[in-house]
Amino acid sequence: VVIYGGMTDDEKLKSQTKFQRKKECKICIANIHAAGTTINLTAAHHVLFAEVDWVPGNNAQAAMRVHRIGQKHPVLVRFA
């Protein structure tokens, strides 16, 4: 699935729901700002930042979408 800034909140929710519930959906490609708040991606346990934001808090907030209450796996965060 993808999550980017031009999506409506409903479209983002549909992408999030598909990623969280469908076992065959293994990758979520997301913009840091679009995926940095209000979504839950705890179905993942790896995060790879291909680009980082200038504001370290934005990067941390995006990583926290995976490492949240309900996460059942260790989370590995990498910066490319």
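Below, all heavy atoms of this structure are taken into account, side chains as well, without hydrogens, waters or symmetry copies. What you see is a predicted model, and the numbers here were worked out from it, not measured in a lab.
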Participant: Say whether Ile39 and Val1 are linked into one hydrophobic cluster, either directly or through other cluster members, by side-chain heavy-atom distances under 4.5 angstrom.
Facilitator: yes
Participant: Ser15 and side chain to side chain contact (heavy atoms under 4.5 Å, CB included): which partner among Asp10, Leu41, Ile3?
Facilitator: Ile3
Participant: Determine, using the 4.5 Å side-chain heavy-atom cutoff (strictly less than), whether Phe49 and Phe19 are members of one ILVMFWY cluster.
Facilitator: yes
Participant: Answer yes if the side chains of Asn40 and Thr42 hold a donor-acceptor pair under 3.5 Å, and no otherwise.
Facilitator: yes
Participant: For residues 71-80, pull every pair meeting side chain to side chain donor-acceptor pair (under 3.5 Å), keeping only residues two or more places apart or in separate chains.
Facilitator: none
Participant: For His33, which residues count as a side chain to side chain contact (heavy atoms under 4.5 Å, CB included) partner, sequence neighbours excluded?
Facilitator: Asn31, Asp53, Asn58
Participant: Can you name the residues that form a side chain to side chain contact (heavy atoms under 4.5 Å, CB included) with Ile27, not counting sequence neighbours?
Facilitator: Ile29
Participant: Would you say the side chain of Gln20 lies within less than 4.5 Å of the side chain of Gln16, judging by non-hydrogen atoms?
Facilitator: yes
Participant: Please name the pair of heavy atoms, one in Ala80 and one in Ala50, separated by the smallest distance, quoted to 0.1 Å.
Facilitator: CB-CA, 4.3 Å
Participant: Hey, quick one: are Val77 and Val52 part of the same hydrophobic cluster, counting side-chain heavy atoms closer than 4.5 Å, chains of contacts allowed?
Facilitator: yes
